[in-house]
Protein chains: 2
Amino acid sequence: ENRPVSGVAYSRDEAKMTLVSVADRPGIAAAIFGPLSDAGVNVDMIIQNIAEEGRTDMTFSCPTDQVKRAEKALNDAKDAGEINYHGLVADTAVAKISAVGIGMRSQSGVAAKMFKTLSDEGINIKVIATSEIKISVLVDRKYMELAVQALHDAFELEKA
Amino acid sequence: ENRPVSGVAYSRDEAKMTLVSVADRPGIAAAIFGPLSDAGVNVDMIIQNIAEEGRTDMTFSCPTDQVKRAEKALNDAKDAGEINYHGLVADTAVAKISAVGIGMRSQSGVAAKMFKTLSDEGINIKVIATSEIKISVLVDRKYMELAVQALHDAFELEKA
Ligand SMILES: C[C@@H](O)[C@H](N)C(=O)O
Ligand SMILES: C[C@@H](O)[C@H](N)C(=O)O
């Protein structure tokens with residue numbers, strides 16, 4: 001049985017944090033994640049898209065109980081002139097949903113199917129990050145159960 | 001030996017494609033990746049960050065020899081009124097570099113170290129997407145060998 005998706009993972013304990021408008025030049029990502037690592041913040045997802053006019057947003061996820069620690073580490077680094085950002089947005093009302101599967105690589109339809117399944121339920125995708133064997137999205141936490149169940153059905157997995 | 005990073009993967013055959021400014025509402029991601037899947041475009045990375053004022057960019061990577069096919073699929077979908085974007089930017093001069101390791105999860109310092117290593121070589125990070133066991137970045141292709149060697153050294157891996 002060649003199922004491209006072998007499971008759906010989910011977590012409601014992660015917060016999404018975004019540094020709005022950081023400079024797009026070498027050293028900025030290191031200057032952001034160095035202090036977070038030193039402060040013992042357990043970073044999971046990291047998402048950075050292309051820059052426009054030399055600036056871009058940097059988003060990461062971390063446990064909701066580490067948001068204050070992360071904010072302090074970043075604000076301290078900003079006050080010390082090591083990093084600069086126009087805003088720091090923390091969103092603790094998210095859930096991370098991932099479709100996992102070894103066969104994903106050649107099944108670019110998996111992403112389309114996952115996104116279509118969420119869309120059919122009226123669930124907006126806030127953030128996307130993927131690797132060959134896993135597609136992760138952040139959605140509003142209130143939709144977590146609905147999303148997980150809909151994806152189990154769409155990919156014909158055992159009932160959660 | 002508890003090495004958080006067990007290997008560095010790289011590929012110069014992937015192109016970065018960005019749909020600039022898509023609407024941030026349910027169904028848009030499905031409307032983008034459905035046509036790409038139908039056209040047989042092998043999507044690898046997908047990156048979407050938070051929206052601002054209801055719009056966001058959608059970036060994905062695909063084999064450089066499928067860029068024309070992807071552009072046609074997206075332009076056809078746009079002409080048919082299924083999706084809307086303000087621009088479509090293809091960049092074939094990139095390389096994908098990934099640090100891979102099972103122990104990453106608890107080592108949020110791995111990201112900081114990887115970004116610092118690239119920054120020390122003056123390499124700008126264009127895009128970032130991560131999952132628990134893998135951190136992937138897109139950089140200018142001309143820096144691929146430099147980046148891979150520097151990361152091998154930083155994480156004390158066998159010479160490439
Ligand atoms: C934005 C950030 O990734 C920057 N481009 C860097 O290389 O550090
Ligand atoms: C931008 C896109 O991801 C949109 N939010 C969707 O859910 O489809």
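Quick caveat: nothing in here was measured; it's all calculated off a predicted structure.
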Side chain to side chain contact (heavy atoms under 4.5 Å, CB included) between A:Asp91 and A:Leu138, worked out: CA-CA 11 Å; A:Asp91 180 353; A:Leu138 293 180; over 6 Å; no

Below 4.5 Å, heavy atoms only, C-beta onward: do B:Asn124 and B:Tyr143 meet side chain to side chain? no

Under 4.5 Å from any heavy atom of chain B, what part of A:Ile123 do you find: side chain, backbone, both or neither? backbone

If you count heavy-atom pairs under 4.5 Å with chain B, which of A:Ala31, A:Ser98, A:Ala29, A:Gly122 comes out on top? A:Ala29

Using a cut-off of under 4.5 Å on heavy-atom pairs, state which of B:Ile46, B:Ile47, B:Val127 scores highest against chain A. B:Ile46

For each of B:Ser119, B:Gly34, B:Ser136, tally heavy-atom pairs with chain A at distances under 4.5 Å, and name the one with the top tally. B:Ser119

Most heavy-atom pairs under 4.5 angstrom with chain A, which of B:Asp120, B:Ile32, B:Thr130, B:Val89? B:Thr130

Please tell me whether B:Leu146 and B:Val94 are part of a single hydrophobic cluster in this structure, the criterion being side-chain heavy atoms less than 4.5 Å apart. no

Got a second to check how far B:Ile135's CD1 is from B:Met114's CE, nearest 0.5 Å? 6.0 Å

For the CD atom of B:Glu145 and the CD1 atom of B:Ile97, what is their distance to the nearest 0.5 Å? 8.5 Å

Given the options B:Leu118, B:Ile125, B:Ile50, which has more heavy-atom pairs under 4.5 Å with chain A than any of the others? B:Ile50

Look only at the side chain of B:Arg3 and the backbone of B:Gly101, and say whether a donor-acceptor pair between them is shorter than 3.5 Å. no

Less than 4.5 Å to any heavy atom of chain B: does that hold for the side chain of A:Lys126, its backbone, both, or neither? backbone

I need the A:Met17 CE to A:Leu36 CG distance, nearest 0.5 Å. 8.0 Å

Minimum heavy-atom separation for A:Ala150 to A:Thr117, with atom names? O-CG2, 3.5 Å

Hey, does B:Lys96 have a side-chain heavy atom less than 4.5 Å from the side chain of B:Asp44? yes

So, taking the atom named OH in A:Tyr10 and the one named CZ in A:Arg141, what distance separates them when rounded to the nearest 0.5 Å? 14.0 Å

B:Ser11 and B:Met144: which non-hydrogen atoms are nearest, and at how many Å? C-SD, 4.0 Å

Check against side chain to side chain contact (heavy atoms under 4.5 Å, CB included), A:Phe33 and B:Lys116: CA-CA 9 Å; A:Phe33 291 97; B:Lys116 178 92 178 75; over 6 Å; no

How about residues 18-28 of chain B versus chain A: which residues have heavy atoms under 4.5 Å apart? B:Thr18, B:Val20, B:Asp24, B:Arg25, B:Pro26, B:Gly27

Residue-level interface, residues 52-84 of chain B with chain A, non-hydrogen cut-off under 4.5 Å: B:Glu52, B:Asp57, B:Met58, B:Thr59

Pairwise distance OG1(A:Thr92) to NZ(A:Lys16) - rounded to 0.5 angstrom: 10.0 Å

